[in-house]
Each structure stands twice: as structure tokens, then as C-alpha cells.
Amino acid sequence: MTRDVICISRTLAAGGEAVGRGVAQQLGYSYVDEEIIAIASRKAKLDPAEVEKVEHRASILKRLLDALGTRPPTDLPIPAGGYYLPDAPLAAPVGDDLRGLIREAIDEVAMRGKVVLVAHAASYALGKRADVLRVLISASLETRSERLLLLGQKETKKVLRESDKEREFYLRSFYDVREESPLDYDLVLNTDGLTADQAVAAIVALAR
């Protein structure tokens, strides 16, 4: 069965973006990454940069404010001038609302078919749909560090570890995934020894 939707999850510097573009080109599919945030931001009527923030770990203060929901605590006095209007929601949606809009955007794009969806944990968002091929592309810390060094990055292993923590946060906050497993995917590729072309060929062979 041809897979009309290919979801590619990747760790930083594992080559997922290049592989995703290669797969899209060979299959004649559209390549989607940033468009997910653009769609969600239109739904929320917010700047894309504001929507994108929900995909990253917030400060402790921000997480506490999100936990309060859309209304002020009822036991706090409201100043005469009012920081809030009683019983009125805040103008902007909070984290859970924005996460829901991102998931809606992923569903919307997947419904088009013939698409390669990179990042945004799309494999989890689309559940067990039979037309979805779920791929994880990763590599060792050492290999990824060498690739970042070629780009002139400093303190590469620190950057990579922080990025990996971001992925863990994303999966936990969006899908309550406490531990990512290879069993969550149809195909897991280690680009320590695979070239981008080899990875593309493996995915295309399974998608057709």
C-alpha cells in the first residue's frame, strides 16, 4: 500500500531535513515543516513567532502562568483599574490551546495527502492511520557534533543535548510520551553510517 503521508522525526544534525526533501522530490510529494506553524498562527490570529514558542521549553514563570488557565485565580483581588476583566478570558490562547491548534494543522496538512511532514512530532499526532509512514532519523552525539562543527557551531555537544531535551519536552507536553521508543516508528534510520541518499532510498522503497 502506498503511504500518502510520511512523517519524519529527527534529532538535531541527524540529516532529517535533507532526507525529507529528498524523499519529497523523489515521490513528487510536498515538503512541509514551517507551514504547520503558519497554519496554526492563522487559526490563533497570532504572530507565528508567538505560536512557535509553545514548541519550546518555557521559563518557570511562563509555565506557572499557563497552569493558571485563561482566567485569574478567584482568590486574588483585582485592582480598581483592573488587570483583568472579571470572568473574561485573556485575549491570547494559552499553551494547551496553541498545542491543539498545531495538532489541527498537522491533521489538515495530512488530509491533503502526498506530503512529507518533518518535525512537530507528526507521527504521534496522526495516531495509527494506515496511510502514514512513521520514520525516525537519528545519529550518535559524536557524529552530530562533528556535523555541527562543520557549520562553525561552538560548544556543539551542549547545543545537541539541549536540543534533545527540547524533543523530550515536546513529546511529553504534546502527547504525554515519557519515553520515546523505536516501536513508535515504522522505520528507524541511524545516519552514522548511512548517507542521505541511502536514507532517502530506504524510505521511498517503503512508501511505494
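Quick note: numbers below take in every heavy atom, side chains included, and nothing from hydrogens, waters or symmetry partners.
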Notebook entry, point to check: Would you say the side-chain atoms of Arg103 pair up with the backbone N or O of Phe174, donor to acceptor, closer than 3.5 Å?
Noted result: yes

Notebook entry, point to check: What's the spacing between Arg3 CZ and Arg134 CZ if we round to 0.5 Å?
Noted result: 7.5 Å

Next item on the list: Evaluate the side-chain proximity of Ile6 to Leu117: yes if any heavy-atom separation is below 4.5 Å, no if none is.
Entry: no

Notebook entry, point to check: Does CD belonging to Gln198 count more than 12 external heavy atoms closer than 6.0 Å?
Noted result: yes

Check: Within the side chain of Asp4, is there an N or O that forms a donor-acceptor pair under 3.5 Å with the backbone of Asp131?
Finding: no

Next item on the list: Using a 4.5 Å cut-off on heavy atoms from C-beta on, say whether the side chain of Thr191 contacts that of Arg147.
Entry: yes

Notebook entry, point to check: Going only through I, L, V, M, F, W and Y residues with side-chain contacts under 4.5 Å, is there a path from Leu194 to Tyr185?
Noted result: no

Checklist line | Pairwise side-chain contact, Ile203 with Val116, heavy-atom cut-off 4.5 Å (strictly under) | finding: no

Next item on the list: Heavy atoms only: give me the nearest Ser181-Tyr124 pair and the separation to one decimal.
Entry: N-OH, 4.4 Å

Notebook entry, point to check: Would you say Ser173's side chain and Phe169's backbone share a donor-acceptor pair under 3.5 angstrom?
Noted result: yes

Margin query: Pairing donors with acceptors under 3.5 angstrom, does anything connect the side chains of Tyr175 and Glu180?
Written below: no

Check: With side chains defined as the heavy atoms from C-beta onward, is the minimum distance between Ile102 and Ile37 less than 4.5 Å?
Finding: yes

Note to self: Rounded to the nearest 0.5 Å, what separates atom CG in Leu136 from atom OG in Ser123?
What the structure shows: 8.5 Å

Check: Hey, any chance Val32 and Ile39 share a hydrophobic cluster, counting ILVMFWY side chains that come within less than 4.5 Å of each other, even indirectly?
Finding: yes

Note to self: Would you say that Tyr170 contacts His120 through its side chain, given a criterion of any heavy-atom pair below 4.5 Å between the two side chains?
What the structure shows: yes

Checklist line | Between CZ on residue Arg10 and CZ on residue Arg144, distance to nearest 0.5 Å | finding: 11.0 Å

Check: Transitively linked via ILVMFWY side-chain contacts under 4.5 Å: Val115 with Val23?
Finding: no

Notebook entry, point to check: Is it the case that one hydrophobic cluster holds both Val5 and Leu187, taking links as side-chain heavy atoms less than 4.5 Å apart, direct or via other members?
Noted result: no

Margin query: I need the Thr11 OG1 to Glu166 CD distance, nearest 0.5 Å.
Written below: 14.0 Å

Notebook entry, point to check: What is the minimum heavy-atom distance between Ile8 and Gly20, and which atoms define it?
Noted result: CD1-CA, 3.5 Å

Margin query: Distance check, rounded to the nearest 0.5 Å: Leu160 atom CG versus Glu142 atom CD?
Written below: 10.0 Å

Item checked: Reported CG-to-CG distance for the pair Leu171 and Asp176, which is rounded to 0.5 angstrom -> 10.5 Å

